[in-house]
Amino acid sequence: MSLVVAVPSKGRLKEKVHEIFANAGLLIEDPTDSRSYQTKVQGRSDIEIAFLSASEIARELSSGSVHMGITGEDLARETIHDTDEVVSFELKLGFGNADVVVAVPDAWIDVQTMADLDDVAADYRARYGRRMRIATKYWRLTQNWFGQHGIGVYRIVESLGATEGAPAAGSADAIVDITSTGSTIRANNLKVLDDGVILKSEANLIAAHHADWTDQSSTLRREIVERLAAVV
Amino acid sequence: MLDDLLGYLRQVAPDVADVGILQPADPFLETAGEDLRRRIFITETVNGVVHCLRPEFTIPICLSHLSASTDGGAARRYAYGGTVFRQARSGANEFQQAGLEDLGNPDRVAADVASIGDMVAALARVGISSPEIVLGDQNLFTVVVESLQLPQAVARRLVRSFGNAKLIDAQIQRLTEKKRETNGQGEIERLAMAGDHQGLVSHIEDRMRAGNLAPQAGRSPQAIAERTIDLVREQQFLLIPESADILRRYLALQMPLAEAPEALKSFADDTGLSFGLAGKEFVERVEVLSNADLDMSTMTYKASFGRNLEYYTGVLFEAASGEVAVAGGGRYDHLCSLLGADQAIPAVGFSVSLDRVGEAR
């Protein structure tokens, strides 16, 4: 019985994961077949590696079909309902840093906080005949955050790319999006609200509560956390 | 139980509105807001139209009423009953509901009292013989807030939060505290403190051009300028202890409904405010209620009782048996306008939760 760890299948996240695993003495082998999505850690028949896309990793963690996985906290919290009851965040890995933020047009000189946004949202229907629209791909994070700030009367417009362009395109009034340096937000003449940082996200090593845990896999889990903790 | 109750309700509310289980989701999301999405069951057709399993009956009945009223909004009373669907964190997702909506009756007091009476009779029908009834009134709170001459945004925020005691307390507290000083530096602050509306508008227009924002696409430069000036006034505004006291004392009022007219009168005399038309309607309602065949000893007036949904406008009520809330209702004259009616349509109604009734019995 081996432990299954899901890791990103492409891009910079994949490289970084390979690098820290190698530093931790866990060398991820190239798959024997280039079309295969599974491989092993060199010399370890007890650790299985599954290559998945970052959002798939969150889903597999939620269902418990993998024991552990590496993905951004943003995707985990967006994809997994009752996140903290379904998975545990074992280790922050120090890369893939990005903030999920609420941003409004720079021209909204009267809006600096979520409370301001609440006032503005309450007024939309009467003034413009429709609700305030928020473009985002983060439905769950947005609903939770706005709910926490008592904002209910707004509509989410799903955006699957170039969210920061939505206000200029006229498809939304404000956005919830991810940003690492804030430069894209500024370049689009938007500004992040003072209390508009929903989540400071980075890549995390995450364990799935619903996976099939045995004594052996629990021991392996501790080993992987310790080895990675020593190198991040 | 449902059939029996529905049979009774149809005697007092004979009009029929056809409410399917599958409903377009948009009217619900537009009126109750995005927050509702998490609590209802959404499904999509192949061409992308979003539907939901009906989470309640009121909105579909209003929509049906609007599409059927070719006769200029004649008064109608609709009975309804059936399964509604809500996402719950645990337990059931299907609930049995029955109730009544009274739309278009211009005699508000009569319609309010009839609705409360029918709710009590409906509960008796399903074995809840003497429910405890709590009543609140959205209009009275609005009058109290308006009498204090607060900046518009402050007043609106308070009215919007009616029914959420924690939120209101926090707002009153914040209003009595001294704010940080604005230093009057920076172009925006300077313009706002001078009340220079036109100056602000052109400043905002510049920013909109820089961001490629079409001035007519969303918030207008005028609206932003107006709120910017309001905010400066609000910053300088400090709620005097007397006003905070009036708000807190009003919200703490609670007494048997029969004694409420007298209590409100002495509150008004004491504080020097006038409840005006809203007060007159409240007193009339109590009078008509006590002349109806209802047990006044079960009815309590609670000034802070409300629901913070923007379409409620007047009386709000809830019936409980033991500690279990079994039915609730109120007046919602804004709902039909929100749903697209070109004239305000008086509306009041209630809904009985049969699952709760089962629990309470």
Side-chain angles (χ1 to χ4, degrees), chain A residues 81-82 85 104-113 115-116 118-134 136 139-140 142-158 164-174 185-191, chain B residues 26 29-38 89 153-154 156-157 159-161 164 166-167 170-171 174 186-189 191-192 200 203-232 234 308-310 334 337-338 340:
Chain A
H81 183 55
D82 276 341
E85 274 150 45
V104 303
D106 195 35
W108 290 15
I109 57 173
D110 59 331
V111 178
Q112 316 292 347
T113 64
D116 287 326
D118 182 25
D119 280 352
V120 168
D123 222 21
Y124 246 87
R125 180 76 192 223
R127 274 186 188 270
Y128 309 108
R130 59 170 177 82
R131 297 299 187 192
M132 180 176 74
R133 295 165 306 179
I134 306 289
T136 190
W139 288 81
R140 192 190 301 272
T142 302
Q143 286 168 350
N144 286 343
W145 186 254
F146 279 53
Q148 277 172 38
H149 285 85
I151 309 180
V153 286
Y154 65 98
R155 295 296 299 274
I156 290 179
V157 182
E158 181 150 35
E164 65 284 347
S171 58
D173 302 298
I185 297 232
R186 279 192 300 277
N188 282 275
N189 292 81
L190 302 173
K191 61 176 176 184
Chain B
D26 233 42
L29 296 172
E30 277 293 299
T31 48
E34 191 66 43
D35 207 37
L36 184 72
R37 194 186 286 270
R38 296 188 286 178
R89 279 182 78 88
V154 175
R156 278 214 187 120
R157 212 174 296 138
V159 168
R160 205 161 73 224
S161 309
N164 185 334
K166 239 172 82 181
L167 214 56
Q171 282 173 20
R174 233 189 351 263
E187 195 190 352
I188 295 169
E189 272 192 357
L191 291 170
L200 281 170
H203 181 95
I204 295 160
E205 282 171 345
D206 286 348
R207 287 187 182 222
M208 283 188 157
R209 260 192 301 278
N212 287 318
L213 283 187
Q216 70 282 7
R219 302 184 68 208
S220 65
Q222 288 74 17
I224 297 170
E226 203 179 293
R227 188 168 177 273
T228 306
I229 294 171
D230 281 352
L231 277 176
V232 171
E234 200 183 311
N308 52 348
L309 270 179
E310 65 187 324
H334 284 167
S337 316
L338 275 175

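As a basis for the values below, the full set of heavy atoms in this structure was taken, side chains included, without hydrogen atoms, waters or symmetry mates. Residue numbers begin at 1 in each chain, while the letters A, B, ... track the order of the sequences.
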Check each atom of [X] against the heavy atoms of chain A and say whether the ones under 4.5 Å are side chain, backbone, both or neither.
| X | result |
| --- | --- |
| B:A210 | both |
| B:L338 | both |
| B:L231 | side chain |
| B:R209 | neither |
| B:A192 | neither |
| B:S161 | neither |
| B:Q171 | neither |
| B:R157 | side chain |

Region of [X] that comes under 4.5 Å of a non-hydrogen atom in chain B:
| X | value |
| --- | --- |
| A:D116 | both |
| A:D82 | side chain |
| A:D106 | both |
| A:R155 | both |
| A:R131 | both |

Pick from B:L167, B:I229, B:T31: which one has the most heavy-atom pairs with chain A under 4.5 Å?
-> B:T31
Looking at B:M208, B:R207, B:R219, which one has more heavy-atom pairs under 4.5 Å with chain A than the rest?
->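 The answer is B:R219.
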What heavy-atom pair brings [X] and [Y] nearest, and what distance separates the two atoms?
| X | Y | answer |
| --- | --- | --- |
| B:G218 | A:D173 | CA-OD1, 3.9 Å |
| B:R37 | A:Q143 | CD-NE2, 3.4 Å |
| B:G211 | A:A168 | O-CB, 3.6 Å |
| B:S220 | A:Y128 | N-OH, 3.1 Å |
| A:G147 | B:R38 | CA-NH2, 4.4 Å |

Counting heavy atoms not belonging to A:H149, are there more than 12 under 6.0 Å from its NE2?
-> yes
Please report the interatomic distance [atom1]([X]) to [atom2]([Y]), rounded to the nearest 0.5 Å.
| X | Y | atom1 | atom2 | result |
| --- | --- | --- | --- | --- |
| A:D110 | B:L200 | CG | CG | 9.5 Å |
| B:D35 | A:F146 | CG | CZ | 11.0 Å |
| A:T142 | B:E34 | OG1 | CD | 9.0 Å |
| B:R227 | A:D119 | CZ | CG | 4.5 Å |

A:V153, A:N144, A:I156: which one forms the most heavy-atom pairs within less than 4.5 Å of chain B?
->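 Top option by heavy-atom pairs under 4.5 Å: A:I156.
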Should A:N189 and B:N212 be marked as a side chain to side chain contact (heavy atoms under 4.5 Å, CB included) after you check the CA-CA gap, both sets of side-chain angles, and the distance that decides it?
-> CA-CA 9 Å; A:N189 292 81; B:N212 287 318; over 6 Å; no
